[in-house]
Amino acid sequence: MKGSIIKYERDNIDTDVILPGPYLKIHDYAELAKHAMEGLDKDFHKRVKPGDFIVAGKNFGCGSSREHAPIALSYSGVKAVLALSFARIFYRNAVDGAFLLPIEIDESAYHDISDGDSLEVDISKNEIKNLTKNKVYKMKPFPELIGKIIEAGGLFNYKP
Amino acid sequence: MSKTLFEKIWDSHIVVDEDGRSLLYVDRHLIHEVTSPQAFDGLRLNARKVRRPDLTFATMDHNVPTSDRSLPILDQTSSVQIKALERNCKEFGITLFDIHSPNQGIVHVIGPELGITLPGTTIVCGDSHTSTHGAFGSLAFGIGTSDVEHVLATQCIMMEKPKTFEIKIQGKRKNPHAVTAKDIIMSIIRKIGTAGGTGTVIEYRGDTISELTMEQRMTICNMSIEAGARAGLIAPDEKTYQYLKGRKYTPNNYDELVNDWRDNLKTDSGAKFDKSFTLSAENIAPQVSWGTNPAMTDDVTGSIPFPDEYGKGNPEEVKGATKALQYMDLKPGTPIVNIVIDRVFIGSCTNARLGDLIEASKVVQGKKVSSKVRAMVVPGSQLVKKNAEEMGLDKIFKDAGFEWRESGCSMCLGMNPDILAAGERCASTSNRNFEGRQGSGGRTHLVSPVMAAAAAINGHFVDVRELDLN
């Protein structure tokens, strides 16, 4: 999985800025995607390209349980969020609906990766290659169950 | 073996436990108009039924107008969501408390109020503040829409077992009318941080918790999610059993159940928690949030912090505080009592129950809202509204210049017409001060109901310990 980076050097990016409340009334996912990250970055929908990754700090996705947040990111083209840590409901929603991969990275990778860098993520090796900087980082492996749900393509496809 | 309350409830609900996962039975599923429509669409698409419509209860709260309900809903997109819930409940045989029902209200207010919430049960709802129900010793999780669909179809939820976190609050508050449950939970979040409870179920314990009313305990458990916890719990006691007695959905064999709960629903002495935190209630002051997450909070007697001091050498924290102050348009060093406000919102699943309104009304009685402030009270449910009106609280608020509204989530999350304009500053009894939460560009200060009421009268924050609230 290859993509380029949109980086927000911020902790606690909450689901209200990822997808503001007024848009929770929208049912068309393509329409929802136009408002992704609007609370933080009004230009996000112009910048984001299919296959992009978001890099952010601690506690990404805190707050509301709205699944509209990972859906909006997913339908805007985001394939993975690489963050220092995730709030649990966001993490779960992202995986259950197979919307995007929530990948935990360490401080050194977080500081090293720059906006616009080109990255290749290999979850079978738990490895992230920075193609721009020619470096390799480790990602935190998914817990066993999460890995299986991701592999199955979401909660409804997962068969124990 | 000694067990915590959480472990007892968890263990008694396991359907399957293998392969690093537990499938838990769900006793009660609460749904609302915003996070359920796609779940019902999913059921239809796969020709599935709702497994236990009798254990599923619905209301409409997030986007409903709080103005005159005899009028049509002007916002077409809200109207579509509301009609979809009506259609879905009818098709799948689910009890719905609709916009005209005397039982309508915020889902986390009506659950306990109707006796749907019970000790020792598991509850889920597509809303993060489901943690509220933990005040009754119910293990209650906020979930997303995929999980809502899964629970509708199977009445089960798949989870990895959370860790346990004991938060002990001890000692007497010096002035319990001025230093409220809201101030206790905000003090806790301020100290443990917005991710302090991540991956854990918090059990709140200690003599301070025992002294709180059920409504106050709900305020504490409600904001567990603001510390990142999966759930908050308080062991049930006589107050819990008294509160639930004789409610609309309280089971017929209630006394028998209570006997069982008395024996079992507590953490055994000697049970171990994964993590522990202790707080003394004696010196807690009324709290006011100044930033853009609930941990960015200080005593009302404090000042807006300098980002360098707040961050204590952590560059990310310094950056976060700097950005928060820019958004909030606040200067470091400004005394909190000097912050002038434009709006006041008394409402939300955190603080819109009868006790909250009674306390706030004491501050308001015989006074007038500042001419520069627009203030509103949005009762948590139709029942809260009715009870408050029977006590004459509506008159106290209206005479002072407050708007007295119909029940719903309202300005807590800005999905209906009750929103802040860009740049407006609000003293709010809700739970989140995130950027844009109450309206794009709006600025939120989280406070207790008495602090919000006093701010409405004075036009700025005041230390309510200086008022006579008895």
Side-chain angles (χ1 to χ4, degrees), chain A residues 9-18 20-27 29 31 38-40 42 57-71 84-99 107 110-111 143-149 154-156 158 160, chain B residues 16 18-21 34-35 37-38 41-42 46 62-63 75 77-78 80-81 84 125-130 141-150 158-160 162 193-195 198-199 225-226 228-230 292-293 295 316-317 319-320 323 413-415 419 432 434-440:
Chain A
E9 276 184 71
R10 265 175 98 116
D11 295 338
N12 298 308
I13 293 179
D14 59 76
T15 49
D16 272 272
V17 298
I18 298 171
Y23 306 121
L24 296 177
K25 289 177 262 188
I26 298 173
H27 287 226
Y29 291 170
E31 195 58 33
E38 191 176 296
L40 186 62
K42 293 235 181 320
K58 288 179 201 146
N59 204 25
F60 187 91
C62 60
S64 157
S65 67
R66 59 188 71 166
E67 202 157 294
H68 308 67
I71 291 172
L84 289 173
S85 64
F86 289 90
R88 301 327 283 180
I89 304 180
F90 178 91
Y91 187 94
R92 194 181 164 94
N93 286 342
V95 171
D96 279 355
F99 297 117
E107 292 271 352
Y110 173 61
H111 292 296
E144 197 187 337
L145 173 64
I146 302 294
K148 285 180 184 171
I149 297 175
L155 183 66
F156 282 93
Y158 167 72
Chain B
V16 180
E18 58 182 31
D19 206 14
R21 80 203 162 99
V34 173
T35 57
Q38 290 92 340
D41 289 347
N46 296 291
H62 278 61
N63 72 25
D75 181 337
T77 52
S78 291
V80 166
Q81 267 185 341
C125 173
D127 187 277
S128 59
H129 291 107
T130 306
F141 300 112
I143 57 177
T145 301
S146 294
D147 277 327
V148 170
E149 185 181 340
H150 189 273
M158 190 157 56
M159 286 191 88
E160 285 176 273
T194 52
T198 300
I225 182 67
E226 264 45 79
R230 300 225 75 153
T292 52
N293 73 52
E316 299 303 322
E317 292 278 323
K319 223 184 298 174
K323 280 181 180 151
L413 87 164
M415 271 197 79
I419 53 169
R432 291 189 176 132
F434 298 153
E435 290 187 20
R437 168 93 176 170
Q438 296 192 292
S440 182

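Naming convention: chains lettered A, B, ... in sequence-line order (proteins, then strands); numbering from 1 in each chain.
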Please state whether the side chain, the backbone, both or neither of [X] comes within less than 4.5 Å of a heavy atom of chain B.
| X | answer |
| --- | --- |
| A:Ile149 | side chain |
| A:Pro70 | neither |
| A:Leu155 | side chain |
| A:Asp11 | side chain |
| A:Arg88 | both |
| A:Tyr91 | neither |
| A:Pro20 | neither |

Looking at [atom1] of [X] and [atom2] of [Y], how far apart are the two atoms once the value is rounded to the nearest 0.5 Å?
| X | Y | atom1 | atom2 | value |
| --- | --- | --- | --- | --- |
| B:Arg432 | A:Asp14 | CZ | CG | 8.0 Å |
| B:Met415 | A:Leu24 | CE | CG | 4.5 Å |
| B:Ser440 | A:Glu38 | OG | CD | 7.0 Å |
| B:Thr35 | A:His68 | OG1 | NE2 | 7.5 Å |
| A:Ile18 | B:Phe434 | CD1 | CZ | 10.0 Å |

Quick check on the interface: out of [options], who has the most heavy-atom pairs with chain B under 4.5 Å?
| options | answer |
| --- | --- |
| A:Leu40, A:Thr15, A:Ile89 | A:Ile89 |
| A:Ser64, A:Gly57, A:Cys62, A:Gly39 | A:Ser64 |
| A:Asn59, A:Asn93, A:Ile71 | A:Asn59 |
| A:Phe156, A:Phe90, A:Tyr23 | A:Phe156 |

Contact part of B:Gln438 toward chain A, heavy-atom cut-off under 4.5 Å: side chain, backbone, both or neither? neither
Segment of B:Arg437 engaging chain A (4.5 angstrom heavy-atom cut-off): both
Side chain to side chain contact (heavy atoms under 4.5 Å, CB included) partner of A:Asp96, chosen from B:Asp147, B:Ile143, B:Thr145: B:Asp147
Can you check salt bridge (charged side-chain N to carboxylate O under 4.0 Å, His left out) on B:Asp75 and A:Lys25, steps first, answer last? CA-CA 10 Å; B:Asp75 181 337; A:Lys25 289 177 262 188; 2.6 Å; yes
For salt bridge (charged side-chain N to carboxylate O under 4.0 Å, His left out), just list the numbers for A:Arg10 and B:Glu435, CA-CA rounded to whole Å, side-chain angles, deciding distance to a tenth of an Å, and then say yes or no. CA-CA 13 Å; A:Arg10 265 175 98 116; B:Glu435 290 187 20; 2.9 Å; yes
Which atom names give the shortest non-hydrogen contact between A:Pro22 and B:Gly414, and what distance separates them? CG-O, 3.7 Å
Specify which of B:His129, B:Glu226, B:Met158, B:Arg230 makes the most heavy-atom pairs with chain A at under 4.5 Å. B:Met158
I'd like to verify something: which residue of B:Gly436, B:Gly320, B:Ser78, B:Gly439 has the highest number of heavy-atom pairs under 4.5 Å with chain A? B:Ser78
side-chain hydrogen bond (donor to acceptor under 3.5 Å, both in side chains) assessment of B:Ser146 paired with A:Glu67: CA-CA 8 Å; B:Ser146 294; A:Glu67 202 157 294; 2.5 Å; yes
Compare all side-chain heavy atoms of B:Val80 with those of A:His27 and state whether any distance is below 4.5 angstrom. no
What verdict does the side chain to side chain contact (heavy atoms under 4.5 Å, CB included) test give for B:Met159 and A:Leu145, after you've listed the backbone C-alpha separation in whole Å, the side-chain angles of each residue and the deciding distance to 0.1 Å? CA-CA 9 Å; B:Met159 286 191 88; A:Leu145 173 64; over 6 Å; no
Using the side chain to side chain contact (heavy atoms under 4.5 Å, CB included) rule, take A:Tyr110 and B:Glu316 through it: C-alpha gap first, then chi angles, then the decisive distance, then the call. CA-CA 12 Å; A:Tyr110 173 61; B:Glu316 299 303 322; 3.9 Å; yes
Taking A:Glu9 first and then B:Lys319, would you say they form a salt bridge - that is, a charged N and a carboxylate O separated by under 4.0 Å? yes
For A:Ser65 and B:Asp127, what are the C-alpha separation, side-chain angles and deciding distance, and is it a side-chain hydrogen bond (donor to acceptor under 3.5 Å, both in side chains)? CA-CA 5 Å; A:Ser65 67; B:Asp127 187 277; 5.5 Å; no
